[in-house]
Amino acid sequence: MVVAQQQKTGAFQVLVGKIDDVLQYAIGDPMRYLANWGRLYSLWPVHLETACCSVEVGAAAGARFDMERFGTLEAFGSLRACDLIIVMGTVTRKLAPRLKLVYDQMAEPKWVIAMGACSITGGLYFDSYNVLRGIDDIIPVDVYVPGCPPRAEAFLQGLVLLQEKIRKAPSLSGR
Amino acid sequence: MTLESEFSPDSDRIMSVSLGPQHPGAGHFRVRLWLDGDYVVRSEPDAGYVHRGEEKMGEYRNYIQNVPHLERPVILDSSNILFPYATGVDELMNSKVPARGQYLRVIMSEINRIISHMYFIAIQGYFQGHTTMIAWGMGDRDLWIDLAERIAGARVTFAYIIPGGVRNDIPEFAIEKGLKTCDWFDKRMDEYEKIYFENPMVHQRSDHIGVLSREDAIAYGATGTVARASGLKVDVRKDEPYSAYPDLEFETPVMTQGDAWARTYVALLDMREAVKIIRQALKKLPSGPVRLKLGPQPRVPAGEVYSRTEAARGEMSYHIISDGSPRPYRLKIGVPSAKNLRVLPHLLRDVHVADIPVIYWGLNYWPVESDR
Amino acid sequence: MKERRLKVTTTPLRIGEVGLFVRDTLGFDHISTVSGVDWIAKNELEVVYFIGSSKPGQQDFVLAVSERVARDNPVVPTLIAVWKGADYMERETHEMFGINFQGHPNQAHLYLPEDWNDLPPLRKDYVSPGR
Ligand code: SF4
């Protein structure tokens, strides 16, 4: 049996839109808060070391600074389960396509911390033939942590800033 | 199982796998592996993910401006990579570094050796599933970093050893703290030995794994902990005493097994010697100035020099050619990791996949250093 | 160079012989570094092998064996047969200076990106893009 396609009236669409808005008001905000709160304390970084700043990340993961306090684990296996890339320093021309590939393979929502002068502007290596002057051209960055290398405390502060950003994220997707 | 000698990449038993650069067991680095089931038939390292062109940059900067970027390749061991640079430039300029400067250079270099070896042992413990070692190792390493910070003022990038001496004098309280840290660390190393090096699980996971014979160590040009674990006694501090080392007493630890366990254990023995050296040097520290006055743009006479010192990972060497201008004409950094890199494909064949991290990290290979 | 250093300069034709002599007769068997130099004023490229020794008594000595070759057509023989460790070091010199090591099994890029298609970066006429 073939049913003639029904013409949706404009009024119906408006109504649906309204319901969406109403729902958004009623449960959207708590939902958003709840979802983002859940993400906040389980930021799992990709283990992609790019250069020497990784030593300070190692120190931050060590016994004294202990970044597990903030719910962040070091050296996590699968990309699909990760939601954070910490770009630990210089990105060279050889690594750049791989960095993009890793970023694209991760599931949404995902965040990026650019750590060190090198990943922000190229830093010390501004005149090197093989270094990218900042990673903003390849992936979007959420938090910049300046320093060469940033101290472990500075890195942890960057992490806390990112958590703050996620907590205040305007949408359910966490961005 | 296919042996490396019968290897053919087209065989349908062979699977090619890429380990890294995004992998918990291989940061900044990739190894291509050809596997037959659980066996590695052949491997090929693919370095260069952190190649930053230090040698070209060196030609654009003058001898003092070169200091900060030269220590970045091996940030764990940043004093030791500057040491041969400083001795090389001193030699070209024919300058005599004051005695106190020489002693401080040695102290800082040995502190850095400990910092670097602690990182090495901690991560090696992690790769063997020994979580205590990484927790202790990373934590105790920070105390040495504290000491270095009191002397030089930064956590990892000290820029302390510069041509002409060291950047600043050691504060009085740091000497006391240094001696205390030495005493504490001596006891601490006994504990490492008990909990980690004598642990049967660690033995099972690294004994007879990745064995490098003495002949191969010589042929492939291995240096540092890798060479010393294979019975090849190379130590620039002894072979060609430089700086304050002739006045100090220490041994060169050598082992003969040449396996992954021995490579880790040699690092511990190295640290014992380093503590000895630091203690002696702190007690003997002569008075006087710590460096020569050089201008911001020192003129270096034309000449060619090959200087080397013993870094944590092995022989660190510089080939510097000066043409009399303020900038080096050629600056070649011969880093120990690059010298040991050829050993990796030699060891990574006919082994189990599960042994790869232990063999790889056991070479004390730091990709950033190798790539420069 | 200072004492305990010696530099021998030879030609690409003789370097194989010199290498064997240095290794077998003089006992310099432990390769340390291979370096290259671009002498652009003389239109020459230089390859320097720094060789240490594993024999007790002469470990404080570093011997440099060097060869010079014209810049336009830099072809030299490989010395892997003499010192196995020269493998990756020659590969690096190849990519940094564009020197061809004849007989080398694999001269693919080791440190530079795979798609590098500029001049070899350590040649003096290559100018870094940031400069
Ligand atoms: S910012 Fe400094 S420490 Fe970090 S990667 Fe760059 S050079 Fe290394």
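Proteins get letters first, then strands, A, B, ... in listed order; numbering begins at 1 in each. As the structure is a prediction and not an experimental result, all values here were calculated from the model.
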Discussion item. Which heavy atom of C:Lys124 sits nearest to which heavy atom of B:Tyr329, and what is that distance?
Written reply: NZ-O, 2.7 Å
Discussion item. Between B:Tyr60 and C:Val127, is the side chain to side chain contact (heavy atoms under 4.5 Å, CB included) condition met? List the steps.
Written reply: CA-CA 10 Å; B:Tyr60 286 127; C:Val127 182; 3.9 Å; yes
Worksheet item: For B:Tyr49, is it the side chain, the backbone, both or neither that has a heavy atom under 4.5 Å from a heavy atom of chain C?
Response: neither
Worksheet entry | Selection from B:Asp46, B:Ile321, B:Val234, B:Val236 maximising heavy-atom pairs under 4.5 Å formed with chain C | B:Ile321
Discussion item. So, taking the atom named CD1 in C:Ile31 and the one named OG1 in B:Thr223, what distance separates them when rounded to the nearest 0.5 Å?
Written reply: 12.5 Å
Practice prompt. Please state whether the side chain, the backbone, both or neither of B:Asp216 comes within less than 4.5 Å of a heavy atom of chain C.
Written response: side chain
Worksheet item: Which bit of B:Arg308 is near chain C, if near means a heavy-atom gap under 4.5 Å: side chain, backbone, both or neither?
Response: both
Discussion item. Taking side chain as everything from C-beta outward and backbone as N, CA, C, O, which of these in B:Lys233 sits under 4.5 Å from a heavy atom of chain C? Side chain, backbone, both or neither.
Written reply: backbone
Discussion item. Taking side chain as everything from C-beta outward and backbone as N, CA, C, O, which of these in B:Glu315 sits under 4.5 Å from a heavy atom of chain C? Side chain, backbone, both or neither.
Written reply: side chain
Worksheet item: Are more than 12 heavy atoms from other residues, nucleotides or ligands located less than 6.0 Å from atom CD of B:Glu251?
Response: no
Fill in: Donor-acceptor under 3.5 Å (B:Lys339 side chain, C:Gly85 main chain)
no
Item to complete: Step by step, work out the side chain to side chain contact (heavy atoms under 4.5 Å, CB included) result for B:His51 and C:Leu112.
Response: CA-CA 7 Å; B:His51 175 66; C:Leu112 289 179; 3.9 Å; yes
Worksheet item: Side chain, backbone, both or neither: which part of B:Ala222 has an atom under 4.5 Å from a heavy atom of chain C?
Response: backbone
Practice prompt. Measure the CD-CD distance between C:Glu46 and B:Glu304 for me, rounded to the nearest 0.5 Å.
Written response: 6.5 Å
Fill in: Close contacts, residues 93-101 of chain C versus chain B, judged by heavy atoms under 4.5 Å
C:Met96, C:Phe97
Worksheet entry | C:Lys84 side-chain N/O to B:Ile218 backbone N/O, donor-acceptor pair under 3.5 Å | no
Worksheet item: Based on non-hydrogen pairs under 4.5 Å, which of B:Gly53, B:Gly334, B:Gly48 is most in contact with chain C?
Response: B:Gly48
Practice prompt. Decide yes or no on side chain to side chain contact (heavy atoms under 4.5 Å, CB included) for C:Thr33 and B:Tyr306, but give the supporting numbers first.
Written response: CA-CA 10 Å; C:Thr33 310; B:Tyr306 183 77; 3.5 Å; yes
Worksheet item: Rounded to the nearest 0.5 Å, what separation is found between the NZ atom of B:Lys56 and the CZ atom of C:Arg123?
Response: 11.0 Å
Item to complete: Examine whether an atom of B:Leu341 lies under 4.5 Å from a heavy atom of chain C, and if so say whether it belongs to the side chain, the backbone or both; otherwise answer neither.
Response: both
Fill in: With sequence neighbours excluded, residues passing side chain to side chain donor-acceptor pair (under 3.5 Å) with B:Gln257
none
Worksheet item: Between C:Phe50 and B:Lys332, is there a cation-pi geometry (under 6.0 Å to ring centre, at most 45° from the normal)?
Response: no
Fill in: Contact listing (chain B partner; residues 34-41 of chain C; heavy atom under 4.5 Å)
C:Val34, C:Ser35, C:Gly36, C:Val37, C:Asp38, C:Trp39, C:Ile40
Fill in: Close contacts, residues 365-372 of chain B versus chain C, judged by heavy atoms under 4.5 Å
B:Ser370, B:Asp371, B:Arg372
